Amino acid sequence: MQRTTMDLWVGLFVVTGVIALMILSLKVGNLNVYNPSQSYVITGNFENIGGLKVRAPVKGAGVVVGRVTDIQFSTQTYDAIVTMSLDSRFTFPKDTFASILTSGLLGEQYIGLAAGGDDVMLKDGDKVMKTNSAMVLEELIGRFLFDKAAKDDSL
């Protein structure tokens with residue numbers, strides 16, 4: 001092989017590696033392309049959002065149907081107000097459950113929507129009334145330890 005041919009192959013290999021790293025960083029940072037032209041915004045109040053972040057996916061039956069667009073703290077109710085932008089192709093009933101779930105054991109957190117049976121659908125500006133907060137591992141361990149200590153004291 002000539003030197004120029006070798007340099008060309010090395011250059012292509014480096015460019016391919018850089019492109020692969022860019023794609024990986026976009027996937028890890030949740031910056032992959034989700035920009036539906038038509039969407040509607042809904043909100044939900046959660047007692048504890050755990051590690052939920054802006055741009056986290058909103059999934060219905062495992063399919064990404066939207067993204068978290070804003071997270072704020074309410075000084076009136078002392079809970080988190082999560083704003084979600086959903087693709088208008090996907091409609092959910094008014095009695096939909098919104099739960100903060102975790103991918104895998106310690107993976108990223110996302111919002112899972114479980115559709116109810118109401119005939120009226122959510123529309124722009126509506127609020128999800130039924131929410132389940134995130135399960136925090138530290139709280140579960142603390143509860144287990146305190147329950148175990150209480151049982152040992154009663155003996």
Side-chain angles (χ1 to χ4, degrees), residues 1-75 77-116 121-145:
M1 249 195 224
Q2 293 181 349
R3 174 109 174 123
T4 56
T5 307
M6 179 77 85
D7 288 344
L8 178 69
W9 282 109
V10 169
L12 287 174
F13 182 74
V14 170
V15 168
T16 305
V18 168
I19 291 172
L21 284 174
M22 287 176 48
I23 291 171
L24 182 63
S25 65
L26 289 175
K27 284 188 177 260
V28 168
N30 271 335
L31 297 175
N32 40 352
V33 179
Y34 173 78
N35 191 8
S37 58
Q38 300 291 327
S39 63
Y40 61 100
V41 177
I42 61 172
T43 60
N45 290 20
F46 294 90
E47 289 180 16
N48 190 342
I49 61 167
L52 187 71
K53 295 178 174 59
V54 175
R55 290 190 315 270
V58 177
K59 296 181 180 182
V63 177
V64 176
V65 296
R67 292 273 176 200
V68 173
T69 56
D70 190 32
I71 300 172
Q72 294 186 358
F73 181 73
S74 171
T75 56
T77 57
Y78 299 104
D79 56 6
I81 302 170
V82 178
T83 306
M84 300 163 266
S85 176
L86 303 180
D87 192 333
S88 61
R89 296 178 297 163
F90 309 110
T91 58
F92 290 90
K94 209 118 160 111
D95 62 346
T96 296
F97 275 89
S99 303
I100 298 178
L101 305 170
T102 305
S103 297
L105 186 60
L106 298 172
E108 70 171 346
Q109 291 191 316
Y110 64 95
I111 294 183
L113 298 178
M121 297 296 171
L122 288 169
K123 60 183 181 310
D124 193 33
D126 279 351
K127 184 177 191 178
V128 177
M129 301 308 282
K130 300 175 182 179
T131 60
N132 291 325
S133 294
M135 294 182 88
V136 180
L137 190 59
E138 292 84 6
E139 287 179 8
L140 292 174
I141 293 170
R143 284 184 197 161
F144 173 75
L145 291 176

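Just so you know, these numbers come straight off a predicted model, no measurement behind them.
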Is any side-chain heavy atom of [Y] closer than 4.5 Å to one of [X]?
X      : Y      : answer
Lys130 : Asp95  : yes
Phe46  : Ile100 : yes
Val82  : Met84  : yes
Val58  : Val68  : yes

Can you tell me if [X] uses its side chain to pair, donor with acceptor, with the backbone of [Y] under 3.5 Å?
X      : Y      : value
Thr16  : Leu12  : yes
Asp124 : Val41  : yes
Thr91  : Met121 : no
Ser133 : Asn48  : yes
Ser85  : Thr69  : no

For a quick test of reading the model, state the closest non-hydrogen atom pair linking [X] to [Y] and the distance between them.
X      : Y      : result
Pro93  : Gly116 : CG-O, 3.5 Å
Val65  : Gly60  : CG2-N, 4.0 Å
Pro57  : Val64  : CB-CG2, 4.2 Å
Leu113 : Ala98  : CD2-CB, 3.8 Å
Gly44  : Thr131 : CA-CG2, 4.4 Å

Partners passing salt bridge (Lys or Arg N to Asp or Glu O under 4.0 Å) against Lys94 (at least two apart in sequence or in another chain): Asp126
Which value, rounded to the nearest 0.5 Å, describes the distance between [X] atom [atom1] and [Y] atom [atom2]?
X     : Y      : atom1 : atom2 : result
Ile19 : Leu24  : CD1   : CG    : 13.5 Å
Ile42 : Ile111 : CD1   : CD1   : 8.0 Å
Ile71 : Arg55  : CD1   : CZ    : 10.5 Å
Tyr40 : Phe92  : OH    : CZ    : 6.0 Å
Gln72 : Asn45  : CD    : CG    : 11.0 Å

Just jot down the side-chain hydrogen bond (donor to acceptor under 3.5 Å, both in side chains) partners of [X], sequence neighbours excluded, or say none.
X      : result
Arg89  : Asp87
Asn132 : Ser99
Thr102 : Gln109
Thr75  : none

Could you list the residues that satisfy side-chain contact (heavy atoms from CB on, under 4.5 Å) with [X], not counting sequence neighbours?
X      : answer
Ala80  : Ile49
Leu145 : Ile141
Met129 : Lys127
Ser74  : Gln76, Thr77, Asp79, Ile81

Step through the shown structure and confirm whether more than 12 heavy atoms of other residues, nucleotides or ligands are within 6.0 Å of CZ on Phe73. yes
